[in-house]
Structures are given as structure tokens and as C-alpha cells.
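Worksheet: one structure, shown below.
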Amino acid sequence: MNQVDLQDPPTGLEFEFHTLLTPGAINFLVELTCTFDQDVDKILWHRSARKVQLDMTNSYPNYSSENSHIRNDLSWKVSPVPRRLLNRHVDIGDTAPCHTERFHRALLSSAQGIQVDFDDGNCPTYFNQIKGIFNIYQVVYNKVPGIPPLSKAPVLMLRPRAWNMVEHNMLINGREIPGPLFDYGLLMYHAGRQLYESESGPFFYLSKVESFLEARLWNKIFVWTEEKLKLPLGSIKATVLIESVLASFEMEEILYELKDHSAGLNCGIWDYAASFVNKFGHRLEFLLPDRSKYVNMEKRFLKSYMDLLIQTCHRRGALATGGMAALLLPEHRESEQYHSVMATVTRLKLFEIKAGVDGFMVYDVDLVAPMQKLFQEHTEGPNQLHVIPDVCVSQSDLLTMPAGGVTLHGLKYNIAVGIQFIEAWLKGKGWSFISNIIFL
């Protein structure tokens, strides 16, 4: 008999808590966690061991010779995506569902999808997790006046927390349960079948995946869930966010492990660039220059990463999506600053479109329509699966840092971002605004 210790409901969310954490839901979470918690431990141990191995040997990541048979076998492809995922032009990114007003505004937009975020755009307090999952529950069961039914709203792309996060408020046999299993388990238990029957899911974004072994674990979790909830095999689909330099060398293998459940891969500039700091920050050759001046998708290491992701996905029949435009449009549409922001976002996103992406994200809901128009003007059809970049990306291409230097302005700016972001988290918010840029 498993011992379950569950914290009392967050103040003011007693009804929401008891709606979600029913005896059936708790039992589902217990079974899910007890089935996979040792696998999660192994994933985290593998991450630590990989970091130690790279540090001790002063070596660099590279394509694995052990998995070359997967990369060299051109016969396999991922399963076709459902109808509602064929067009991924513009998703609204980093939308914390606990922020009810923004979540509902996104649902009323013309976006193709919404990244419903329990990770980067969300501060994972107990209050925020319960409120966010309950807000999704309300939308899925069409209980919110004025919000369209699932079949007519943007697709919900649910993003649970990353593997390194834990849920402090639920213990099973004396151990805190993995944060992503808490989020994923409650979402699937309450909304999985409803999403499937409305042809609107269940669809996920998977954060911070570092290796094909982590993709394999997610695939096992999906298969287990489909069997438990009596859903057809392959009904769960997931887009993997390639946010780690280590994962960039294993993109084919990640798709292969998830080929029955894949909705493609996503490339984004800032989390990916930050992974160099995380893995190699102590090595001088990986010192990133001032990011506001010298780091963008046109630089060799990021352009190579994007080209490789698009090539990998499209060769395997998977969709390739780009990162999120973090700039916010100023309120006054006639202002010089408004036109400057619009011009910058348009230039950067057109660069991604011409590279062959099938879609990308914006944070500002007001950018949805202009970016959809940009796709319509420069592409034909719902996606660009036919565009396969003719590139051969080497280890050096992915690991060569851009020229430039550290500047005093960049140092001050980074310190300001860090301080304001910590302040936001202490207030229970997962985002901070500085100079019309969202930081998550």
C-alpha cells in the first residue's frame, strides 16, 4: 500500500483542488509515479554523469557512432500528425494558464495554437499549478462563457514542467513526486479523453530534453497512459523543444524514439544559447558575447542548429517550428517604437520562414495576425515539409561561438534581468518585462 501525503488546498482554491484531486486522480498519479519514478532518477543521474564526463575529459559533444544506424536509415518516418496540427504557423508562447485573463485572450485569438505553459512562463507555486490546471479543465469541458469549444479554439499545446522540477506538495512513500508527472498526470486524467474525442489533442510540448533516452522515457509514459485511459496508440502527440546543445546532436534519435507520438521538434534561440553556459560556462572558448549585439539566429552556431533541425524533421515527415518572438508591441500604433518593433520581429521571423520552418511562437497576442500574414505572403499551404535544407552540419558548426565581446552594457543588462526575474518569482510570477521584452 503506497503512502500518499498531500498538502492542504491553497487558500482560496478549495473547490478547484477537490475538483482535480479526486480519489481517482490521486490513484492515477500514484500509479504513474510508482511506475516511472526510478526511470526519472536514472535520467537525472545520466545528465549528471554526462556533465562530469565532459568536464573531466575536457571533451565536446558529437554525433554518436552507436546510433549511426538510426541516422543512416532513410526508410523510417514519424507517424502523420493529426489534421489540427498540419498548420502550426503561429502559436502564442509561454502562456501560463494560471494567468486567466491572458489565457482566455489567447483562446479568443486567431492563433493556430497556444503553448499552455507550466514551465518557463510559469512560477510553479502550488496555487499556480492548481489554478492553471483547473483553468484548462474549465476550458476543455466548455464551462467558460464566451470561450469557443475546443474544436474552434486554438489548439492547446500543454507544456509540463521539466524533469529537474519536483512537486513539493505531494509525496508518495516519503518522496516528492516529479513535477512533470504531477502536471502531465492531472492533465491527462481529467482532459485526455475529452481532447482526443474533440480531435484537439492531447498535444504536448516537452521541455529541456537533453538526450534520446529522455525521449524514450516520455514515449513509455505516453504508451502507458494510452493503455490506462483506453486511448488508441499514438493519440498523444508531442513537440520536443531542442533547448540543449547536447540534444542538437541527437535530434534524429529523439524523433525515432517518439516516432508514433511525434509532433515535431522546436528550435529557440535563448534557452539553447543558455545551455552552452550551463554545460560549458567554465570554458573560455564557450564565452558568449553580448547577446544584444552579437547573438542571433543568423550566427553560425544558431543558423546551423536551425538548419539541422529543419532538415532532420522534414526528412522524417515531422514538423519543424522556430522560437518565440519575445518583443512586445508598444501601445501606440503610430509611434516610431511600434514600427521599429514590428520591423525587427518581421525581419527575424521572415529569416526563419525562408529557412523552412513550419511555424513559430509569439508572446504578444497582437503579433499573431501580422505573423500569420507573413506566412501567407511567403509560403504556400499549411506547412513547408517539402523544404529540406541542403546542408551538412558538422560538430564545429554547432559549437563555434560568434565573434564579439563582453560589454559593460551587456553585463549591467544581464544583472538587471536576473534581479527583476528573481523578484517576479518571489511574487509568484513566471515572467518579467524589461524594455518591451518578455523574460521567462
Side-chain angles (χ1 to χ4, degrees), residues 15-36 78-86 88 91 95 97-98 103-104 106-107 112-118 129-145 147-161 167 170 177-206 217-239 258-263:
F15 174 76
E16 292 85 345
F17 176 92
H18 292 296
T19 299
L20 296 175
L21 287 151
T22 62
I26 292 171
N27 185 62
F28 184 81
L29 285 175
V30 169
E31 287 191 61
L32 176 66
T33 302
C34 290
T35 302
F36 294 107
V78 304
S79 298
V81 295
R83 174 184 59 85
R84 291 213 65 194
L85 290 182
L86 285 172
R88 297 289 305 280
D91 280 2
T95 303
C98 62
F103 182 41
H104 288 176
L107 285 161
Q112 273 67 46
I114 304 169
Q115 186 187 64
V116 185
D117 194 14
F118 292 93
Q129 299 307 107
I130 297 300
K131 185 178 180 183
I133 295 171
F134 182 78
N135 279 348
I136 294 166
Y137 174 91
Q138 292 286 89
V139 167
V140 166
Y141 287 93
N142 203 24
K143 293 176 179 287
V144 183
I147 299 297
L150 288 173
S151 60
K152 296 182 180 179
V155 169
L156 302 181
M157 301 293 296
L158 308 167
R159 176 157 79 152
R161 282 171 280 185
E167 178 49 61
M170 184 173 184
I177 76 170
L181 294 187
F182 181 86
D183 305 338
Y184 168 85
L186 284 179
L187 289 166
M188 281 303 301
Y189 181 81
H190 287 292
R193 177 158 293 282
Q194 192 74 5
L195 288 165
Y196 174 74
E197 290 179 351
S198 65
E199 295 186 80
S200 301
F203 304 140
F204 289 89
Y205 273 112
L206 303 180
L217 173 55
W218 271 115
N219 194 70
K220 287 167 62 178
I221 291 169
F222 293 158
V223 172
W224 181 90
T225 306
E226 287 162 345
E227 291 175 353
K228 279 286 178 183
L229 299 181
K230 296 180 171 53
L231 295 171
L233 179 67
S235 33
I236 299 171
K237 298 294 183 185
T239 297
L258 283 162
K259 59 181 182 291
D260 290 331
H261 295 100
S262 179

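Along the sequence shown, residues carry numbers from 1.
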Indicate yes or no for a side-chain donor-acceptor contact from Arg161 to the backbone of Asp183 under 3.5 Å, with no hydrogens or angles considered. no
Check the orientation of Trp224 and Phe36. Use parallel for under 30°, tilted for 30 to 60°, and perpendicular for over 60°. perpendicular
Please confirm whether the backbone N or O of Gln115 pairs with a side-chain atom of Asp91, one donor and one acceptor, at under 3.5 Å? no
Is Val140 close to Leu156 at the side-chain level, that is, under 4.5 Å between some pair of heavy atoms? yes
Under a 3.5 Å distance rule, please check whether Glu199 uses its side chain to pair with a backbone N or O of Ser151 as donor and acceptor. no
Just one of Ile221, Val223, Leu217 clears the side chain to side chain contact (heavy atoms under 4.5 Å, CB included) bar with Asn219, so which one? Val223
Met170 and Leu181, any side-chain heavy atoms less than 4.5 Å apart: no
What pairs of donor and acceptor atoms, side-chain ones from residues 20-34 against any protein atom, are under 3.5 angstrom apart with sequence neighbours left out?
unit_1, atom_1, unit_2, atom_2, d
Thr22, OG1, Ala25, N, 3.2
Asn27, ND2, Glu31, OE2, 3.1
Glu31, OE1, Lys228, NZ, 2.5
Thr33, OG1, Leu29, O, 2.8

If we only count heavy atoms from C-beta on, is the Arg88 to Thr239 side-chain gap below 4.5 Å? yes
In short, Phe118 meets Gly132 closest at the heavy-atom pair CZ-C, 3.9 Å
State, with a plain yes or no, whether a side-chain heavy atom of Ile136 is found less than 4.5 Å away from one of Phe103. yes
Look at the aromatic rings of Phe204 and Tyr184 and report parallel, tilted or perpendicular, splitting at 30° and 60°. tilted
Any donor-acceptor pair under 3.5 Å linking the side chain of Arg159 with the backbone of Thr95? no
Does Tyr205 use its side chain to pair, donor to acceptor, with the backbone of Asp117 at less than 3.5 Å? no
Less than 4.5 Å apart, side chain to side chain, heavy atoms only: is that true for Leu158 and Val116? yes
Considering all heavy atoms, the nearest Ala263-Val81 contact: CA-CG1, 4.1 Å
Distance from Leu258 atom CG to His261 atom NE2, nearest 0.5 Å? 8.0 Å
Does any non-hydrogen side-chain atom of Leu231 lie less than 4.5 Å from one of Met188? yes
Closest non-hydrogen atom pair between Val78 and Ser262, with its separation: CG1-CB, 4.0 Å
Check Val144 against His104 and note the closest heavy-atom contact, atom names and distance. CG1-CE1, 3.5 Å
Taking the inter-plane angle between the rings of Tyr137 and Phe134 on a 0 to 90° scale, is it parallel (under 30°), tilted (30 to 60°) or perpendicular (over 60°)? parallel
Has Glu226 got a side-chain atom pairing as donor or acceptor with Ile236's backbone, closer than 3.5 angstrom? yes
Which pair of non-hydrogen atoms, one from Pro154 and one from Leu107, has the smallest distance, and what is that distance? CD-O, 3.2 Å
Considering all heavy atoms, the nearest Pro160-Trp218 contact: CG-CH2, 4.2 Å
